[in-house]
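Throughout, protein chains are lettered first and strands after them, A, B, ... in sequence-line order, and every chain is numbered starting at 1.
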Amino acid sequence: MALGLTIIIGMIVALLAIGIIGYLISIYNSLVQLRNDIKKSWANIDVLLKQRSDELPKLISSVKGYMKHEKSTLEQLTKARTQFLNATTMEQKAKSDSIISGALKSIFAVAENYPNLKANENFIQLQGRISGIENELADRREFYNDSVNNFNIRIQSFPDMIVAGRMKLIAQEMFKVAESEKKDVEVSF
Amino acid sequence: MAIPLRTLKSGWIFPLLIFAAMGAGILLGFSNINLPDLDRFNEFFFFAVLGFFGGIGIFFYGFSKLRQKRTIENLPTSKIRSIAMGLVEVSGEVAPLKVNMLKSPLTQNDCVHYSFAVEEYRRSGKSSHWATLLSDTQSYPFSLKDDTGEVLVDPKDAEIDIPNDFTFESGLGKPPPASIKQFLTARSLSFESFLGFNKRMRFTESFIAPKDKLFVIGTAGDNPYVEEATAQKGVEDVMIQKGRLGSFYYISDRPEKEVLKKFRWKVIGGIYGGSALSLGSLTVILLYLGLFF
């Protein structure tokens, strides 16, 4: 075979090899990025959960003087906060987050029945801050779910599934809203 | 006259030239061709060498675009009010800061970023080319807002991918508009040849105007214009900017789907086009050196 043809074939093989290896490396790096993005987006939720948890004692102390009949809701909130502070796993934190969100929803809805509380400047400020955190939490939960969805799609698609299999990557759970949070809060006037 | 920085940053001319220079050197060394030996070292051979190493450069450029495409695909779009520090993807509408407004030089539009070029068609012998007489790029930080909030964006060092908003070519019987004539006169540039005919010139301008919809991937970091612990609603202590480790910073006025489509073509063009160019050029080089038969 002519030397020129050998060089051309060699070049084609080299380009193919570099191409395949480069493509596999890009899949690997991309999956690592996705896996870390999920961890990061959870950590970003955790930051807000902690911020909200720090606001809860102030909220409880500002409403307990008014909400004599909502003792159980306030106790539930205190208990859920303690659970959150003691939680070590993501699942435990997500569970207590769900309870706290539900209890907060009840408190803010029931506050409508207490005109003096509604007029309290401290309560208004706290409600504003906590509602702001709740909105950001909702966005970040959505972002987390998008990250998980991207990851799950990638590790189940061809050819990424081959690399994902070698990396022993498994599908991740999405952040689900608890059934109690989906229900409307009943307010009696 | 300064060369626009983004042209150098986003281009692949430098790696291509380096590859070409390295390649030419290697081939000259191996094939015992002396530069003065003009019988063998002609222009065609030089372009084949340039094509071979340029093709390899384009091949790797395709892979770098693949990495960026995957970053766009992997990163979900954040709502502006809940942006977290680090690499973020946001889309929204440009809301300029009142103190930071620019006027685009050629069309006099209010904007937060512009890039323009004035070129002249030149002929020398058989060859001709467009020579850049004047070009510049200017940007100011601006706010980007969606339905949840707004965030400051500093476009410095970003790869700004926007199409030309204005293109005009002057020539015989086609004088440039009055505003451009004024612009050229103010810079002592003539649009007429010594015989009084209009020169063949090309004017291009692109800009980001208020209310333009943008897609941004950048690093959310500390806002240097807000003092620590004084952030209020509407003046958040976050600014989207170029990351410290030279991470991806891209601004486009196209929606994400179209951006991805554009990147896909760059990847395909880079990887396949680069391979084809390199293989084709290598074939020419080998034929030239008589190594095929």
Novice: Mind checking the CD1-CG spacing from A/I8 to B/L279? Nearest 0.5 Å is all I need.
Specialist: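 Here the interatomic distance stands at 6.0 Å.
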
Novice: Decide yes or no for A/M11 and B/T283: does some side-chain heavy atom of the first lie under 4.5 Å from some side-chain heavy atom of the second?
Specialist: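 No; the side chains remain at least 4.5 Å from each other.
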
Novice: Would you say that B/R70 contacts A/I27 through its side chain, given a criterion of any heavy-atom pair below 4.5 Å between the two side chains?
Specialist: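 Result yes, sub-4.5 Å side-chain heavy-atom pair found.
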
Novice: Got more than 12 heavy atoms from elsewhere within 6.0 Å of NZ, B/K145?
Specialist: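 At most 12 heavy atoms, drawn from other residues, nucleotides or ligands, come within 6.0 Å of this atom.
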
Novice: Taking all non-hydrogen atoms of both residues into account, name the closest pair between B/N74 and A/D37 and its distance.
Specialist: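 Of all heavy-atom pairs spanning B/N74 and A/D37, the closest is O-OD2, 4.4 Å.
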
Novice: Would one find more than 12 heavy atoms of other residues, nucleotides or ligands at under 6.0 Å from atom CD of A/E173?
Specialist: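 No - once you tally the heavy atoms of other residues, nucleotides and ligands closer than 6.0 Å, there are 12 at most.
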
Novice: Where do B/R81 and A/E136 come nearest, in terms of heavy atoms and distance?
Specialist: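 Answer, listing the atom of B/R81 first, then A/E136: O-CD, 3.6 Å.
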
Novice: Check A/Y23 against B/L66 and note the closest heavy-atom contact, atom names and distance.
Specialist: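 Residues A/Y23 and B/L66, closest heavy atoms: CD1-CD2, 3.9 Å.
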
Novice: Atom CZ of residue position A/F108 - does it have more than 12 heavy atoms of other residues, nucleotides or ligands inside 6.0 Å?
Specialist: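 Yes.
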
Novice: Where is the tightest heavy-atom contact between B/F63 and A/I18, given as atom of each residue plus distance?
Specialist: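 Closest heavy-atom pair between B/F63 and A/I18: CZ-O, 4.3 Å.
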
Novice: For the CG atom of A/L3 and the CG atom of B/L286, what is their distance to the nearest 0.5 Å?
Specialist: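 The distance works out to 7.5 Å.
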
Novice: Mind checking the CG-OG1 spacing from A/D139 to B/T148? Nearest 0.5 Å is all I need.
Specialist: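 The OG1 atom of B/T148 is 6.0 Å from CG of A/D139, to the nearest 0.5 Å.
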
Novice: How long is the span from the OG1 atom in B/T71 to the CD atom in A/Q33, to the nearest 0.5 Å?
Specialist: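 Atom-to-atom, B/T71:OG1 and A/Q33:CD are 4.5 Å apart.
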
Novice: Which residues in residues 145-169 of chain A have a heavy atom less than 4.5 Å from any heavy atom of chain B?
Specialist: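 So far as heavy atoms go, A/D146, A/S147, A/N150, A/R154, A/D160 are the residues that approach chain B to under 4.5 Å.
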
Novice: Might you confirm whether atom NZ of A/K40 has over 12 heavy atoms from other residues, nucleotides or ligands at distances under 6.0 Å?
Specialist: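 Yes, NZ of A/K40 has more than 12 neighbouring heavy atoms, counting only those of other groups under 6.0 Å.
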
Novice: If you count heavy-atom pairs under 4.5 Å with chain B, which of A/I12, A/N135, A/I7, A/L16 comes out on top?
Specialist: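 Ranked by contacts with chain B, first place is A/N135.
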
Novice: Work out which heavy atom in A/F143 is nearest to a heavy atom in B/S78; give both atom names and the distance.
Specialist: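 Result for this residue pair: CE1-OG, 3.3 Å.
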
Novice: Are there more than 12 heavy atoms of other residues, nucleotides or ligands under 6.0 Å from atom CZ of B/R254?
Specialist: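 Yes.
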
